[in-house]
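This report concerns only the one structure given below.
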Amino acid sequence: MKKATLLLLGLTMTFSQWSCKRFLDTKPKDFTSPEQFYTTPQQLREALAGVYNALAIDATYGLYLSLFLQHGSDEAFYKNTSSTPNAMAYDHGVGDTYVDALWRDLYKGVNRANYLLASINKPAMDEAERNVIKGEALFLRAFMYFQLVSNWGDVPLYLEPTVDSRDTDHPRTPMKTVYEQILADMKEAMNLVQPFTATGKPVHISRTAIQAAMARVCLKMAGEPLKDQSRFAEARDWADSVIRSGIHKLHPDYKQIFINETADLYDLQNNEMLWEIEFYGNSSGSLKMGGRFVNYASTYNLDNVAGYAYERIGVTGTLYKMYDARDLRRDWAIAPYAFRANKSPDEVLKAATDIYTRSCGKWRRKYETVLPRNTDYGPTNFPVIRYADVLLMFAEAENEVSGPTPAAYAAINQVRRRGWGKLLPNAVDVTAPDLAGLSQEGFRQELRNERARELCFEALRKGDLIRWGVFVERMKVVGADQGANAPANLKYSVRGYNNVSEKHNLLPIPSLEVSLNKAIEQSPLWK
């Protein structure tokens with residue numbers, strides 16, 4: 001067990017204890033001021049652990065960024081009959097607590113990175129290690145800004161640490177400038193961090209992980225609201241760099257990816273996972289590093305043998321109907337069962353016609369190896385970038401630049417073949433899932449559906465619909481389907497779909513930020 005007591009530097013500079021496992025060998029240590037910190041290599045390592053940790057708390061990938069603020073979409077809806085306004089049902093206001101927490105904690109992470117970067121040259125240390133720490137901090141800052149600009153558009157851009165808590169008035173920076181800074185930081189970081197073959201595990205940032213992230217950033221820039229279509233070629237080239245590295249490939253068995261994440265295992269043979277957010281344990285004792293997203297996503301159960309779960313997202317019939325019956329991903333990503341009783345580990349298959357009452361099955365708590373299972377927290381890691389996503393990003397960008405070329409077909413068909421089990425030993429008729437002969441528009445639509453089939457519940461779908469410019473339109477279609485076909489006890493699910501409007505392409509600037517920061521203006525549609 002590797003523990004660290006870290007100086008956490010948020011916008012208001014607070015001190016707290018955090019822990020990080022496996023990749024940082026640190027000892028608990030107290031520091032009373034920034035001037036006394038960052039003076040040794042060990043303190044830089046601890047500071048880097050604090051930057052990583054900013055993405056592993058409830059407000060980020062622990063729960064809100066991985067689940068609550070990503071559903072609903074056309075893949076899932078918020079499964080709660082409460083009429084209380086909330087961001088998941090799209091009837092929230094500028095004071096929503098989830099929105100406020102995400103904004104606040106992303107900026108805390110940015111400021112931790114800024115403090116580290118401002119002090120990177122203080123300690124006498126090995127230059128190679130210094131460069132790696134700098135590169136990872138640069139990337140993490142850029143990634144947090146990517147979350148901010150994707151969710152809010154124009155946002156304040158801080159590149160130096162916030163020292164004076166009275167310095168609160170900072171205007172929003174145009175999103176184009178923020179994106180350019182993101183790419184600049186990522187490019188610099190790529191030349192500083194280690195290759196994946198040296199890091200050995202996907203919890204540390206590697207060169208290929210950064211290349212994949214830049215592909216994602218460029219695809220977003222090419223879409224709404226920036227619509228810089230010149231970025232499609234860049235996205236294609238960055239994704240192609242990952243493919244040509246030869247380091248990563250698809251795991252033959254789709255379900256094993258998520259079993260590994262739940263069991264806290266790494267696939268070091270295929271390296272499909274380029275980067276994942278690491279959680280650990282059952283949050284017992286002083287070490288509290290569990291994540292909550294699985295508990296809220298999984299099939300309802302109050303039995304800790306099977307794994308306690310609230311099932312706060314319901315799967316749409318729309319997503320279920322996107323799959324071919326021969327696609328093995330369907331009955332793994334979407335649980336084909338319910339539990340026999342609320343406190344039972346026994347799984348009972350649902351009727352084939354019952355497609356509107358299903359839950360997320362991608363991560364199943366029964367595979368957790370840390371016992372006893374905690375009611376709320378678990379060790380399951382969250383996937384941020386997988387090689388399957390890289391292949392699909394390449395196929396999408398290639399189609400936008402050149403149409404459905406053989407290279408675009410080869411990339412998407414790899415993903416489809418694995419989904420149908422055609423990469424498993426002794427598979428037959430391996431070309432059965434292949435796409436061919438499509439127009440550019442036909443390929444575009446198949447690619448969009450394939451991203452849903454492959455990447456559902458991985459916190460990407462809502463952002464995809466927004467960057468494609470179809471979010472509101474798509475939500476209305478899904479809402480109509482839910483209203484017409486969902487059972488009576490799930491008719492409430494149409495609430496979020498009916499509430500969605502153009503303003504929901506962005507989150508509102510939190511009211512607390514507007515009240516403190518006199519230089520910031522609320523997004524026009526949220527005024």
Side-chain angles (χ1 to χ4, degrees), residues 2-24 26 28 46-71 87-88 96-116 136-137 139-148 150-152 162 202-205 261 264 275-297 310 312 363 370 374-384 458-459 507 510 512-513:
K2 300 177 180 179
K3 302 181 181 180
T5 300
L6 306 170
L7 178 66
L8 302 183
L9 296 160
L11 292 177
T12 58
M13 282 181 60
T14 61
F15 297 84
S16 182
Q17 178 171 323
W18 293 89
S19 302
C20 192
K21 64 164 178 138
R22 290 202 179 103
F23 57 80
L24 290 174
T26 60
E46 292 169 350
L48 181 61
V51 182
Y52 273 100
N53 183 265
L55 292 171
I57 56 180
D58 282 0
T60 53
Y61 281 100
L63 185 59
Y64 301 173
L65 193 56
S66 56
L67 190 82
F68 277 178
L69 296 177
Q70 296 300 326
H71 309 291
M88 294 76 76
D96 184 87
T97 56
Y98 295 135
V99 174
D100 176 76
L102 178 59
W103 172 281
R104 178 195 66 221
D105 287 341
L106 284 172
Y107 270 115
K108 282 184 179 180
V110 165
N111 208 39
R112 292 179 202 171
N114 283 340
Y115 263 104
L116 190 162
E136 293 188 28
F139 172 81
L140 291 169
R141 181 179 73 178
F143 185 79
M144 285 184 276
Y145 269 122
F146 180 54
Q147 298 304 320
L148 285 161
S150 296
N151 282 287
W152 281 280
T162 301
V203 295
H204 249 308
I205 295 303
E261 286 190 315
D264 220 7
W275 181 35
E276 60 188 18
I277 303 299
E278 186 160 41
F279 298 98
Y280 180 78
N282 57 8
S283 289
S284 62
S286 61
L287 185 64
K288 300 184 185 300
M289 288 193 63
R292 300 180 69 189
F293 71 95
V294 174
N295 169 280
Y296 279 85
Y310 296 119
R312 287 296 173 84
W363 303 275
V370 180
N374 184 283
T375 298
D376 290 313
Y377 291 90
T380 302
N381 291 355
F382 190 84
V384 181
E458 296 181 39
L507 295 174
L512 180 60
E513 177 69 18

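We number each residue from 1, following the sequence as shown.
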Considering all heavy atoms, the nearest Ile57-Ala54 contact: CG1-O, 3.6 Å
With sequence neighbours excluded, residues passing side chain to side chain contact (heavy atoms under 4.5 Å, CB included) with Thr97: none
Over all atoms of both residues, closest heavy-atom pair of Gly109 and Val51: O-CG1, 4.3 Å
Pairing residues for Trp152 by the ring-ring contact (aromatic ring centres under 6.0 Å, His included) criterion, not counting sequence neighbours: Trp103
Partners passing side chain to side chain donor-acceptor pair (under 3.5 Å) against Asn282 (at least two apart in sequence or in another chain): Ser284
Check: Tyr296 ring centre within less than 6.0 Å of Phe68 ring centre: yes
Backbone of Leu106 reached by a side-chain donor or acceptor of Tyr145 within 3.5 Å: no
Worked check of side chain to side chain contact (heavy atoms under 4.5 Å, CB included) between Leu148 and Tyr107: CA-CA 9 Å; Leu148 285 161; Tyr107 270 115; 3.8 Å; yes
Euclidean distance, Glu278 CD relative to Met289 CE, rounded to 0.5 Å: 6.0 Å
By side chain to side chain donor-acceptor pair (under 3.5 Å) - contacts of Glu261 (at least two apart): Trp363
Shortest non-hydrogen contact between Asp96 and Ala87, atoms and distance: OD1-N, 3.3 Å
Ala297 to Leu67 - nearest heavy-atom pair and separation: CB-CD1, 3.8 Å
Test side chain to side chain contact (heavy atoms under 4.5 Å, CB included) applied to Asn151 - qualifying residues, sequence neighbours left out: Leu65, Gln147, Leu507
Pair listing, salt bridge (Lys or Arg N to Asp or Glu O under 4.0 Å) test, anchored in residues 56-67, at least two apart: Asp58-Arg292
Set of residues satisfying salt bridge (Lys or Arg N to Asp or Glu O under 4.0 Å) with respect to Glu276, sequence neighbours excluded: none
Counterpart residues, salt bridge (Lys or Arg N to Asp or Glu O under 4.0 Å), relative to Arg312 (two or more places apart): none
Set of residues satisfying salt bridge (Lys or Arg N to Asp or Glu O under 4.0 Å) with respect to Asp105, sequence neighbours excluded: Lys108
Mutual orientation of the aromatic rings belonging to Phe293 and Phe279 [parallel < 30°, tilted 30-60°, perpendicular > 60°]: tilted
Distance (rounded to the nearest 0.5 Å) between Thr162 OG1 and Asn114 CG: 7.0 Å
Nearest-0.5 Å distance, CZ of residue Arg112 to OH of residue Tyr115: 12.5 Å
With sequence neighbours excluded, residues passing ring-ring contact (aromatic ring centres under 6.0 Å, His included) with Phe146: none
Beyond-backbone contact of Thr60 with Met144, side-chain heavy atoms, under 4.5 angstrom: no
Partners meeting side chain to side chain contact (heavy atoms under 4.5 Å, CB included) with Ala101 (sequence neighbours left out): Ala59, Tyr64, Arg104
Non-hydrogen side-chain atoms of Val370 and Asp264 separated by less than 4.5 Å: no
Interatomic spacing from CG in Leu63 to OH in Tyr98 - rounded to 0.5 Å: 7.0 Å
Heavy-atom pair of closest approach, residues His204 and Glu136: ND1-OE1, 2.5 Å
Close side-chain approach of Tyr52 to Ile205, heavy-atom, < 4.5 Å: yes
Asp376 (side chain) donor-acceptor with Asn295 (main chain) under 3.5 angstrom: no
Residue pair Asn381 / Tyr61, side-chain heavy-atom distance below 4.5 Å: no
Inter-residue atom distance Glu513.CD - Asp100.CG, 0.5 Å rounding: 9.0 Å
